[in-house]
Amino acid sequence: MPMIRIMLAAEPSMLREGMRAVLRAVDDFALAGETTGGPGAVAEAARLAPDVVVTDTFDTAAALRRAGEAARIVLLAGTVDEAPVDPAARGGVDGFVLTAEAGTSLIAAVRAVAQGHAWLSPPFARRLLDLYRAAPMAPRAAGGRRLSERERSVLRLVAHGRTNAEIAHELVLGESTIKTHVSRLLTKLELRDRVQLAVFAHHHGLT
């Protein structure tokens, strides 16, 4: 099993010590380095090239994305109100975890985002649903083209966190066909990754 290289970007605290202990206890996780948030995190990410960055501040996540860092990002917050869920999701955060769940949920979140999936603790998923159900829109792709029924089906399952293999099994299609559909959805909707596909699906009431 390939190692997942992780960088912690948080102020020194008992929380950071706890995260370090949790991550080091997993056989296929490698703690590549630690840093505080902000500009220092951007420089350290560029040096270490981690697969996943775990941070406790949205500002750090935003700085990493502005700098073009390719690492997946997991954001921890004490409560849902501490994290700007909508702008964070749009800004490239891949996983949202409550600090109270920073044990098995943190491990699951790191694994999921490292594989290109999204991870949201239930309260964050609830917040996103509430935000997007408040303003439902007709699901159209860039240029005003409507999505096909097959594209809508694939998009819905992506939003539910299904892998390509799971989607292929559910829709009775080949996994390569699902990969093609996901790639076309990203192109058609002008989105960056599966997290943004999930946000789009919630926004348009496709879940």
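Counting from 1, the numbers follow the sequence of the chain as shown.
- Here ring pair (Phe, Tyr, Trp, His ring centres under 6.0 Å) pairs that include residues 32-84, with residues two or more places apart or in two chains, number zero.
- In this structure, CE on Met7 lies 10.0 Å from CG on Leu31, to the nearest 0.5 angstrom.
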Quiz item: Under the side chain to side chain donor-acceptor pair (under 3.5 Å) criterion, do Ser183 and Thr180 qualify, and how do the steps go?
Solution: CA-CA 5 Å; Ser183 178; Thr180 298; over 6 Å; no
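- Looking only at distances, no side-chain donor or acceptor of Asn164 sits under 3.5 Å from a matching main-chain atom of Ile167.
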Quiz item: Would Trp119 and Val74 satisfy side-chain contact (heavy atoms from CB on, under 4.5 Å), going step by step from the backbone distance to the final call?
Solution: CA-CA 8 Å; Trp119 178 274; Val74 174; over 6 Å; no
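- Atom NE2 in His117 sits 7.5 Å away from atom CD in Glu166 (nearest 0.5 Å).
- Pairing each heavy atom of Leu197 with each of Val158, the nearest pair is CB-CG1, 4.1 Å.
- Scored by the side-chain hydrogen bond (donor to acceptor under 3.5 Å, both in side chains) test, Ser153 finds no partners at all (sequence neighbours excluded).
- A salt bridge does not link Asp56 to Arg16: none of the charged side-chain nitrogens sits closer than 4.0 Å to a carboxylate oxygen.
- The two residues Leu98 and Ser121 make their nearest non-hydrogen contact at N-OG, 3.5 Å.
- The two residues Val80 and Phe124 make their nearest non-hydrogen contact at CA-CE2, 3.9 Å.
- In plain terms, the two heavy atoms of Leu186 and Asp193 that are nearest each other are CD2-O, 3.5 Å.
- Scored by the side-chain hydrogen bond (donor to acceptor under 3.5 Å, both in side chains) test, Arg65 finds Asp94 as partners (sequence neighbours excluded).
- The pair Glu151-Arg184 does not meet the salt-bridge criterion, since no charged nitrogen lies less than 4.0 angstrom from a carboxylate oxygen.
- How far CD of Glu17 is from CG of Leu8: 11.5 Å, rounded to the nearest 0.5 Å.
- In this structure Thr177 satisfies the side-chain hydrogen bond (donor to acceptor under 3.5 Å, both in side chains) test with no other residue, sequence neighbours excluded.
- The shortest heavy-atom contact between Phe29 and Met3 is O-CE, 3.4 Å.
- Of the inter-residue distances, the one linking Phe96 atom CZ with Leu75 atom CG reads 6.0 Å to the nearest 0.5 angstrom.
- The stretch residues 163-186 participates, sequence neighbours left out, in no ring pair (Phe, Tyr, Trp, His ring centres under 6.0 Å) pair at all.
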Would you give me the side-chain donor-acceptor pairs under 3.5 Å for residues 35-53, sequence neighbours excluded?
from  : atom 1 : to    : atom 2 : distance (Å)
Glu44 : OE1    : Arg47 : NE     : 3.3
Glu44 : OE2    : Arg47 : NH2    : 2.6
Asp51 : OD2    : Arg5  : N      : 2.7

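- Here Leu185 contributes atom CG and Ser148 contributes atom OG; the two are 7.5 Å apart, rounded to the nearest 0.5 Å.
- Taking CD from Glu11 and OG1 from Thr57, the interatomic distance works out to 8.0 Å, rounded to the nearest 0.5 Å.
- Two residues are said to be in side-chain contact when any heavy atoms from C-beta on lie closer than 4.5 Å; Lys179 and Glu175 meet this criterion.
- Counting only distance, with no hydrogens or angles, the side chain of Thr55 and the backbone of Ala9 share a donor-acceptor pair below 3.5 Å.
- Residue Ala159 comes nearest to Ala201 through the heavy atom pair CB-CB, 3.6 Å, listed as atom of the first residue, atom of the second, then distance.
- Counting heavy atoms from C-beta on, the side chains of Gln196 and Leu189 never come closer than 4.5 Å.
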